[in-house]
Amino acid sequence: MQHYLDELNTPQRDAVVNTDGPTLVIAGAGSGKTRVLTYRIAHLLEKGVRPQQVLALTFTNKAAREMQHRIAAIVGEANARNLWMGTFHSIFARILRIESEKLGYPSSFTIYDTADSKSLIKSILKEMKLSDKEYKPGDVLGRISSAKNDLVTPPAYARDVARMSADQAAKKPLVYEIYARYMKHCYQAKSMDFDDLLLNTNILFRDFPDVLQRYQQRFQYILVDEYQDTNLSQYRIIKKLAEGHQNICVVGDDAQSIYSFRGAKIENILNFRNDYPGYKIFKLEQNYRSTQTIVNAANSIIAKNKGQIQKNVFSEKESGHPIRVMESYSDVEEGYRVADDIAERRREHHYTYQDFAILYRTNAQSRIFEEALRKRGFAYKIYGGLSFYQRKEIKDLIAYFRMTVNPNDQESLKRVINYPARGIGSTTMDKLEAISAQTGYSIWQLINGYTPEQLGINAGTMKKLHGFVQLIRGFGMKLLDSQAADLAREIATASGIMADLMADKSVEGQSRAENVEELMNAIREFTTNKLESGEPARLDVFLEDVALLTDQDSEKPEDNDKVTLMTIHSAKGLEFKNVYIVGVEEGLFPSQMTIDSEQGVEEERRLFYVALTRAEEYAVMSYAKTRYKYGELKNSTASRFIREVDSQYLEVLGNSPFTSPASRPMGIPVRQPERPAVPSRFKPKASLTQRPATPSIQFNYQTSGGDYQAGMLVEHERFGRGVIDNIEGSFPNTKVTVTFEHSGTKQLLLKFAKLKILR
DNA sequence: TATATAACTAAACAA
DNA sequence: TAGTTATATA
């Protein structure tokens, strides 16, 4: 049973068998990090450590599940099941549910998502008579979140000079007050947001030493994955838990730290040596994932960053295909070129859809690729963006579930107290909210404990409110002894949501009803799974799963053979044979918001490094020269990151990104494409694939038809390039017929269409 | 009070 | 462009 050690190289094996004492594993991209973590845990169990004594914190729940599977294969199912393994948020939510009463929370507390938090901030602004123009809920939430991640409570915030003066400067001097009220409201609603899960764990361990001690003794071995992306709050939890035995193993790669925007501190991994003086360090430097070209190219760009842990990542695979640099005229054309390239590689190398990923900096870029792939009839899946659980109809139903578990959950109550319509309007709700803020009682408590006179509402309204209360109470009574699937079905029906959706015969209405059915199926599946493994299948357990889902977790089995579309952030930890990094343009990647700080650009560069190292065999960096931003067409230029990659690893198609006048490194070889980038069936009569040697930037605005002739190659700012088929009519109503490369044949009025003559 | 339409405004990454 | 909010109207 020891043979798994034979599958490891020397540093990997060392990292597995040196189980005791503080351990730092620096794991370069693709260096078998997961394998080391898995085997290290298996090794611990084989040495006789009990699974309950092992705490392993992973980046996604999916990663935890997969690891658990592999461990089970080595040490057996029964053993693996009792490991404490999951994301920071899910593990500490679990502990908080056990210990919540010490903090004054019921164990049924709700977990607020970002939308709930924003909505709560909006009502606080209303309560404080502040404008949500000056105090944008998203910004305020960001400030609060950053404070929590740095373990700064409201009183400390008010004393924190740096924070207070930053707020002053931003013309938001009252953030500290909003923060204080926000905390109070959450507490009243028996709710915690994501950051509270970690903050409250810190408070629990700080104020209840006996509780801390208990968990210190329970978790004899602690492992943390992606340590470079932990924030102060997470760092402290780990530090406290490991205090006694110091059996802590952290795994990470400083070059892949990409979450400083949510408070992650790259210093945590850089300072490990100071925190745990007797530490051992193991460096995993052999990359088993990617070709030499990809690894070397990635190294050449990350070398531009300062202050890194010294390491030498190398690959012994074949040198492989050069990294392709792809230029497009517009964002739309970029979509087609990527789709075309996928088609070509599929044809010539027999790849399947799942071998491809399109990675972008922002979710907003996904739509264009979605369309291009759909027109091709390619199967694809999109991660992130508006997820299933963020759709209105799903959130509505979930809000009922949440009310059933925790009726004080005020955000859920506000969401559904009048959906479906019960005649409880904004007038009534405004009154109740105001009294709730004044008295500190939740709306639910007000309805239950006050008379209509005290609340200033009439008896009829009160009756409606009580009707709602009875409805929710009825669900609540059944919570403990019914299965999630049955109760969910009953809630959907009895609440009137089902009927409301069924009544809507429109296309959207039907799809909403289908979504609700899909949710029901998911709950049914959850229920059978839990019952089979002998665990409770209650609705509150289901809610916990849903609240802490990561975007990688929500994968469905039918999603196997599909092209993957996702942000680079969500691609972390994944790998694909072919990777397209798209929108590699100044102002987009690196993002405009980071561009004038050295630190900001360094993080973007690490993000680029992550993107490139996802590729096993083939990578493309693509950029477009024009792109729609905030609804208008903007020019853009190739990103500095393209220039920063050592050019010996590149294959440049079409125009060189290096010839832009701003910056031109000398002597960069420009390779010509071996074949036209656009396959022949996309070519109209004239050849569109050849670019003019020096494309003119300005558009022609002539209104006479005189300059245009049939057969000309022209460009339209929306439709892209095309050939003029015909010209008719006379000035000023000259009409042209153009067949566009990707947009079909269109008739355009010359005085409106800005057609640029290419040739 | 509920709903439809018009007008406005903001626009990264995420548990 | 898209998502949200204000306004009108029944």
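Numbers restart at 1 for each chain; the letters A, B, ... are given by sequence-line order, proteins then strands.
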Completion exercise
Residue pairs passing the ring-ring contact (aromatic ring centres under 6.0 Å, His included) test with at least one member in residues 579-607 of chain A, sequence neighbours excluded, are A:Phe589-A:Phe608, A:Phe589-A:Phe641
Residues in side chain to side chain donor-acceptor pair (under 3.5 Å) contact with [X], at least two apart in sequence or another chain:
{"X": "A:Asp113", "value": "A:Lys395"}
{"X": "A:Asn305", "value": "A:Arg605"}
{"X": "A:Tyr182", "value": "A:Ser117, A:Asp193"}
{"X": "A:Ser108", "value": "none"}

Would you indicate what [X] reaches in the nucleic acid, counting non-hydrogen atoms under 4.0 angstrom: base, sugar-phosphate, or nothing?
{"X": "A:Thr60", "result": "nothing"}
{"X": "A:Asp113", "result": "nothing"}
{"X": "A:Asn418", "result": "sugar-phosphate"}

Starting at atom [atom1] of [X], determine the distance to atom [atom2] of [N], rounded to an integer number of angstrom.
{"X": "A:Gln365", "N": "C:dA2", "atom1": "CD", "atom2": "P", "result": "14 Å"}
{"X": "A:Arg391", "N": "C:dG3", "atom1": "CZ", "atom2": "C1'", "result": "16 Å"}
{"X": "A:Lys148", "N": "B:dA15", "atom1": "NZ", "atom2": "P", "result": "17 Å"}
{"X": "A:Leu141", "N": "B:dC13", "atom1": "CG", "atom2": "C1'", "result": "15 Å"}
{"X": "A:Tyr135", "N": "B:dT9", "atom1": "OH", "atom2": "P", "result": "20 Å"}
{"X": "A:Arg367", "N": "C:dG3", "atom1": "CZ", "atom2": "P", "result": "10 Å"}
{"X": "A:Gln592", "N": "B:dA10", "atom1": "CD", "atom2": "P", "result": "18 Å"}
{"X": "A:Gln390", "N": "B:dA14", "atom1": "CD", "atom2": "C1'", "result": "10 Å"}

Exercise for the section: Look at the side-chain N and O atoms of A:Thr567 and state whether any lies under 4.0 Å from the OP1 or OP2 oxygen of B:dA14. Expected result: yes
Exercise for the section: Give a yes/no answer on whether the side chain of A:Ser570 brings an N or O atom under 4.0 Å of OP1 or OP2 in B:dC13. Expected result: no
Looking at [options], which one has an atom nearest to any side-chain atom of [X]?
{"X": "A:Lys136", "options": "B:dA14, B:dA15, B:dA10", "result": "B:dA10"}
{"X": "A:Thr114", "options": "B:dC13, B:dA15, C:dT1", "result": "B:dA15"}
{"X": "A:Glu604", "options": "B:dA2, B:dA14, B:dA12", "result": "B:dA12"}
{"X": "A:Asn363", "options": "B:dA12, B:dA14, B:dA15", "result": "B:dA14"}

Exercise for the section: Decide, applying a 5.5 Å centre-distance limit and a 30° plane-angle limit (both strict), whether A:Phe261 stacks on B:dC13. Expected result: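 Yes, A:Phe261 stacks on the base of B:dC13.
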Exercise for the section: Determine the Euclidean distance between corresponding P atoms of B:dC13 and C:dT4; express it in Å to zero decimal places. Expected result: 15 Å
Practice task
For B:dA12 versus C:dT5, give the span between their C1' atoms, rounded off to a whole number of Å.
Solution key: 24 Å
List, with names and distances, any nitrogen or oxygen atoms from the protein found under 3.5 Å away from nitrogen or oxygen atoms belonging to nucleotides 5-10 of chain C.
unit_1: C:dT5; atom_1: OP1; unit_2: A:Lys122; atom_2: NZ; d: 3.0

Exercise for the section: Name the orientation class of the two ring planes belonging to A:Phe261 and A:Tyr259 (parallel below 30°, tilted from 30 to 60°, perpendicular beyond 60°). Expected result: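 The rings of A:Phe261 and A:Tyr259 sit tilted, inter-plane angle from 30° to 60°.
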Exercise for the section: Could you check whether the rings of A:Phe205 and A:Tyr215 sit parallel, tilted or perpendicular, using 30° and 60° as the cut-offs? Expected result: tilted
Exercise for the section: Could you pick out which residue, A:Thr594 or A:Ser90, lies toward the 5' side of DNA chain B when each is mapped onto its nearest nucleotide? Expected result: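 Closest to the 5' end, via its nearest nucleotide, is A:Thr594.
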Completion exercise
DNA chain B nearest-nucleotide lookup for A:His89 and A:Lys629: closer to the 5′ end is A:Lys629
Problem - Lys/Arg-Asp/Glu bridge criterion (N-O < 4.0 Å) met for A:Lys122, A:Asp132 - result: no
Handout entry: Base B:dC13 paired with A:Arg361 side chain (donor-acceptor, <3.5 Å)
Key = yes
